Amino acid sequence: MTEASSSAMQHNDNDGESNPYPAHWGPTAWALLADLRQRCPLVQCLTNFVSMDMAANTLIAAGASPAMIHSLGEIPDFTPQTHALCVNVGTLSPSWVPAMKAAAELMIKLGKPWVLDPVSAGASGFRLNTCLALVGLKPTVIRGNGSEIIALSKASLGASKGVESAHGSSMDALEAAKSLAKSSGSVVAVSGAVDIVTDGNRVVGVHNGVPMMQKIAATGCAVTAFIAAFVALDPSHPLEATASALSVFGIAGELGMVLAKGPASLRVHLIDSLTALDEAALLSRVRITDM
Ligand SMILES: Nc1ncnc2c1ncn2[C@@H]1O[C@H](COP(=O)(O)OP(=O)(O)O)[C@@H](O)[C@H]1O
Ligand SMILES: Cc1ncsc1CCOP(=O)(O)O
Ligand SMILES: [Mg+2]
């Protein structure tokens, strides 16, 4: 048993006062995953080239339907058919920006949720300005790593290791996340060892996952697409949907780690675990706290 899964067993055994994880989160996350498997939401992803495979396979394995359709000319016909949109600026080039904006604007007009992944938002002026313009189009959820959320919150270029965070802990971005959530009206999620999710007032921490998930390209992008699928199911409760998606994805990582020999096999076993995950395993492993 891995350290993470052993810890999950110890801490989430419904033993009353000693259990730091409120009991309602397990049933909430399970209800959403069961609903996803039944309703199979269609998620349009305008996402980077690195992540297309991982994000699509994450969505399919969980029970959703991905569509990596990104050309501007297709948006008026296709986007209205979707249940959620994921916009990810990872391999941004100027020709993609009008389609990203048009798809986001259409989702807002249709009253449907959309989610932004501001990959490396602080790395260049072009990237930062594009992300700030997208934030102005009212994403339902913004999910990034610590450096990305700090750059967006301050609206300034800032330290990152390319697409990775230069900040050691997601907690370094807690105040930035709350401030961004308040100014944008979006739910903001900062991923890391503990994923933070906030609407500007309420803050929850998701304690699932394993460190090796950072060693797989596009796990962050994949979990953002996964959040979009969860938010499609319950757009009026985006904080609950986002925390649940992060927890379920982290649990798939924990279960995958039991069989994995390294990042490449973890990727395979994480995806397999999303399909295999059942109610009992999920309920025993969800670790979400109010902060
Ligand atoms: N140290 C860690 N322990 C457990 N899970 C982690 C850790 N670091 C990242 N994760 C998980 O890996 C996924 C990607 O997060 P992260 O690496 O922060 O995103 P990004 O790839 O966008 O920088 C998330 O689901 C997150 O919860
Ligand atoms: C390596 C890379 N370069 C541009 S986008 C991308 C993928 C980033 O994926 P993630 O943010 O999930 O680590
Ligand atoms: Mg990322």
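Basis for what follows: all heavy atoms, side chains included, without hydrogens, waters or symmetry-related copies. Predicted, not measured: the structure shown is a model, and the values here were computed from it. Counting convention: from 1, in listed order, for ligands and their atoms alike.
Listed by atom number, the atoms of ligand 1 under 4.0 Å from R143 heavy atoms are 19 (O), 20 (P), 22 (O). Near G209, meaning under 4.0 Å from any of its heavy atoms, are these atoms of ligand 1: 4 (C), 5 (N). Under a 4.0 Å criterion applied to the non-hydrogen atoms of D195, ligand 1 contributes the atoms 26 (C), 27 (O). Heavy-atom proximity to F249, at under 4.0 Å, picks out these atoms of ligand 1: 25 (O).
Considering backbone and side-chain atoms alike, N145 places an N or O below 3.5 Å from some N or O of ligand 1. Residue C221 has at least one N or O atom closer than 3.5 Å to an N or O atom of ligand 2. For ligand 1, the polar-atom distance check against T219 finds no nitrogen or oxygen pair separated by under 3.5 Å. The shortest N or O to N or O distance between S165 and ligand 1 is not below 3.5 Å. For the pair G220 and ligand 2, the shortest N or O to N or O distance falls below 3.5 Å.
Checked against the 6.0 Å centroid threshold, F126 and W96 do not count as a close aromatic pair.
Under the 4.0 Å criterion applied to side-chain N and carboxylate O atoms, R287 and D195 are not assigned as salt-bridge partners. Between R202 and E240 there is a salt bridge, since at least one side-chain N of the basic residue sits less than 4.0 Å from a carboxylate O of the acidic one.
Of the heavy atoms in V206, none comes closer than 4.0 Å to ligand 1.
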